[in-house]
Amino acid sequence: MSNPSESPLTLRSLKHDGAKIVVPANTADLSQSFNGSVCSNKGDEYTISENIIDLLGKDEYEAKSLAEYSNKWDATAALYEEVWRKNAVSFLSGKKFPWEKERMLMEQCLRPRDDEIYLDIGCSTALYSRLLLKQAPKARVVAMDYSLPMLKKAREKCKEEGAHIFLLRGDAHEMPFFRGALDGAVCGGTLNELRDPLKVLFETRRILKDNARFFIMYLLKSDAWYLRLAQSAVKTGGLNFWSIDESKDLFKRSGFKINNIEREGLVCFACLTAA
């Protein structure tokens with residue numbers, strides 16, 4: 001599908017202000033196993049195991065909700081894409097919603113280009129990452145998640161498709177990128193699971209270039225009383241839901257201009273620009 005990028009990936013050290021971590025370009029070539037470590041220019045060291053760049057390491061991401069904790073299970077990673085993700089929009093919207101339409105909405109919003117760099121936030125099995133590369137085969141794509149099982153499954157799927165992607169284990173609440181480093185970002189269904197969605201949105205705005213695009217899929221509060229009761233129950237498991245107006249307020253407060261929001265039942269697709 002795509003060729004390995006000739007450019008390394010530059011990350012921001014979270015331990016030393018201003019320090020850089022340079023990840024070799026061939027880490028993204030998932031046809032070959034890459035193991036080793038990388039250091040910042042201040043000396044903090046991070047392992048790379050089977051191409052997965054681990055910025056968390058012993059500072060394990062502490063799951064604070066059932067939603068976060070379940071994403072660390074091997075079974076969740078195994079079932080996520082085929083059983084849940086590709087059918088979720090149809091299930092939640094109450095009508096058939098072709099996967100191709102979601103792909104088209106992302107492409108129309110982001111307009112990905114070769115030689116640009118994109119981040120898939122809370123990537124799970126890197127579904128959006130692989131779609132980005134089909135649209136722009138020479139782009140550089142970083143798929144980031146805190147869940148090691150999800151990243152391992154992402155590696156499997158990317159390898160099967162010949163997709164060259166940087167796999168990064170990190171925390172979206174504190175992004176390992178410098179200000180204005182990225183040309184675009186995507187986020188498929190993760191916003192509802194975040195412990196502090198506003199902070200993640202602020203972080204996303206910080207790392208995007210001015211006028212960069214951000215495509216995000218998220219779930220709304222239901223208008224039906226019985227579904228509201230169900231959503232109230234699962235909120236204790238760590239899921240958040242918003243009305244259209246509440247979600248617009250989140251986006252505007254974090255520095256984004258809203259280009260378009262398309263709604264399908266409880267599912268929203270937002271196309272945002274870094275203002």
Side-chain angles (χ1 to χ4, degrees), residues 1-14 19-41 44-57 74 77-78 80-82 85 103 106-107 110-172 175-178 181-188 207-208 212 215:
M1 178 194 300
S2 57
N3 297 317
S5 169
E6 296 180 357
S7 302
L9 175 67
T10 300
L11 300 175
R12 177 178 71 97
S13 169
L14 301 178
K20 294 181 180 179
I21 304 164
V22 179
V23 179
N26 55 346
T27 306
D29 181 2
L30 304 180
S31 66
Q32 301 181 38
S33 184
F34 190 103
N35 297 285
S37 63
V38 285
C39 296
S40 79
N41 54 352
D44 45 319
E45 185 175 3
Y46 307 91
T47 62
I48 302 176
S49 178
E50 292 295 313
N51 305 80
I52 298 171
I53 310 146
D54 191 349
L55 295 191
L56 297 181
D74 290 337
Y80 172 78
E81 189 167 319
E82 283 75 12
R85 186 58 181 83
R103 181 204 62 76
M106 183 178 74
E107 183 177 359
L110 220 62
R111 301 193 293 269
R113 298 178 182 178
D114 289 339
D115 304 319
E116 292 191 334
I117 182 166
Y118 300 93
L119 175 65
D120 185 352
I121 301 167
C123 68
S124 298
T125 57
L127 185 58
Y128 274 7
S129 297
R130 282 142 44 210
L131 288 175
L132 281 170
L133 278 181
K134 288 177 180 176
Q135 296 159 18
K138 294 183 181 179
R140 281 190 297 159
V141 178
V142 183
M144 185 178 76
D145 207 293
Y146 68 85
S147 167
L148 197 53
M150 286 290 191
L151 289 169
K152 288 179 178 178
K153 180 58 71 172
R155 184 186 188 280
E156 238 177 76
K157 290 186 172 293
C158 291
K159 186 177 179 180
E160 287 171 4
E161 295 185 17
H164 292 79
I165 289 174
F166 289 99
L167 298 172
L168 179 62
R169 184 166 178 257
D171 182 356
M175 301 272 201
F177 299 93
F178 289 98
L182 304 179
D183 296 293
V186 293
C187 182
I207 64 176
L208 288 176
F215 179 76

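Side-chain atoms are counted along with the backbone in the values below, which use heavy atoms only and exclude waters and symmetry mates. Keep in mind it's a predicted model, so treat the numbers as computed, not measured.
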Residues Phe177 and Thr10: closest non-hydrogen pair is CD2-O, 4.4 Å
What one should report as the nearest heavy-atom pair of Leu151 and Leu168 is CD1-O, 3.7 Å
Short question: side chain of Asn41, backbone of Lys20 - any donor-acceptor pair under 3.5 Å? yes
Less than 4.5 Å apart, side chain to side chain, heavy atoms only: is that true for Cys123 and Met144? no
Any donor-acceptor pair under 3.5 Å linking the side-chain atoms of Asp120 with those of Tyr118? no
Heavy-atom pair of closest approach, residues Ile121 and Ala185: CD1-CB, 4.2 Å
For Glu50, all residues meeting side-chain contact (heavy atoms from CB on, under 4.5 Å), sequence neighbours excluded: Ser33, Asn35, Arg155
Quick one: CG on Leu127 to NZ on Lys157, what's the gap to the nearest 0.5 Å? 8.5 Å
What's the spacing between Asn51 CG and Cys158 SG if we round to 0.5 Å? 10.0 Å
Donor-acceptor pair, Asp145 side chain versus Leu167 backbone, under 3.5 Å? no
Counting distance only, does the side-chain N/O of Arg130 pair as donor-acceptor with the main-chain N or O of Ile165 below 3.5 Å? no
Taking side chain to side chain contact (heavy atoms under 4.5 Å, CB included) as the criterion, tell me which of Ile117, Leu30, Leu11, Val142 meets it with Phe166. Val142
Is it the case that the side chain of Arg12 and the backbone of Pro176 share a donor-acceptor pair, with hydrogens and angles ignored and the cut-off at 3.5 Å? no
Using atom types as modelled and distance alone, determine if a side-chain donor or acceptor of Arg169 lies under 3.5 Å from a backbone N or O of Tyr146. yes
Would you compute the distance between atom CG of Leu110 and atom CZ of Phe215 and round it to the nearest 0.5 angstrom? 9.0 Å
Show the numbers, then the answer: is there a side chain to side chain contact (heavy atoms under 4.5 Å, CB included) between Tyr46 and Asp54? CA-CA 6 Å; Tyr46 307 91; Asp54 191 349; 6.0 Å; no
Gap separating the CG atom of Leu55 from the CD1 atom of Ile48, nearest 0.5 angstrom: 9.5 Å
Quick test of your reading of the model: are Glu156 and Lys153 salt-bridged, counting only N-O distances below 4.0 Å? yes
Mind checking whether Thr27 and Pro24 have side chains closer than 4.5 Å, heavy atoms only? yes
Do NZ/NE/NH1/NH2 and the carboxylate oxygens of Arg103 and Glu107 come within less than 4.0 Å? yes
Who are the side-chain hydrogen bond (donor to acceptor under 3.5 Å, both in side chains) partners of Ser31, not counting sequence neighbours? Asp29
To the nearest 0.5 Å, what is the distance between CG on Asp115 and CZ on Arg140? 9.0 Å
Of all heavy-atom pairs linking Leu131 and Met106, the shortest is CB-CE, 3.5 Å
Give the minimum heavy-atom separation between Ala136 and Asp114, together with the two atoms involved. C-OD1, 3.1 Å
For Gly170 and Leu56, the nearest pair of non-hydrogen atoms, with its separation, is CA-CG, 4.1 Å
Hey, what do you get for OG (Ser124) to CE (Met150), rounding to the nearest 0.5 Å? 4.0 Å
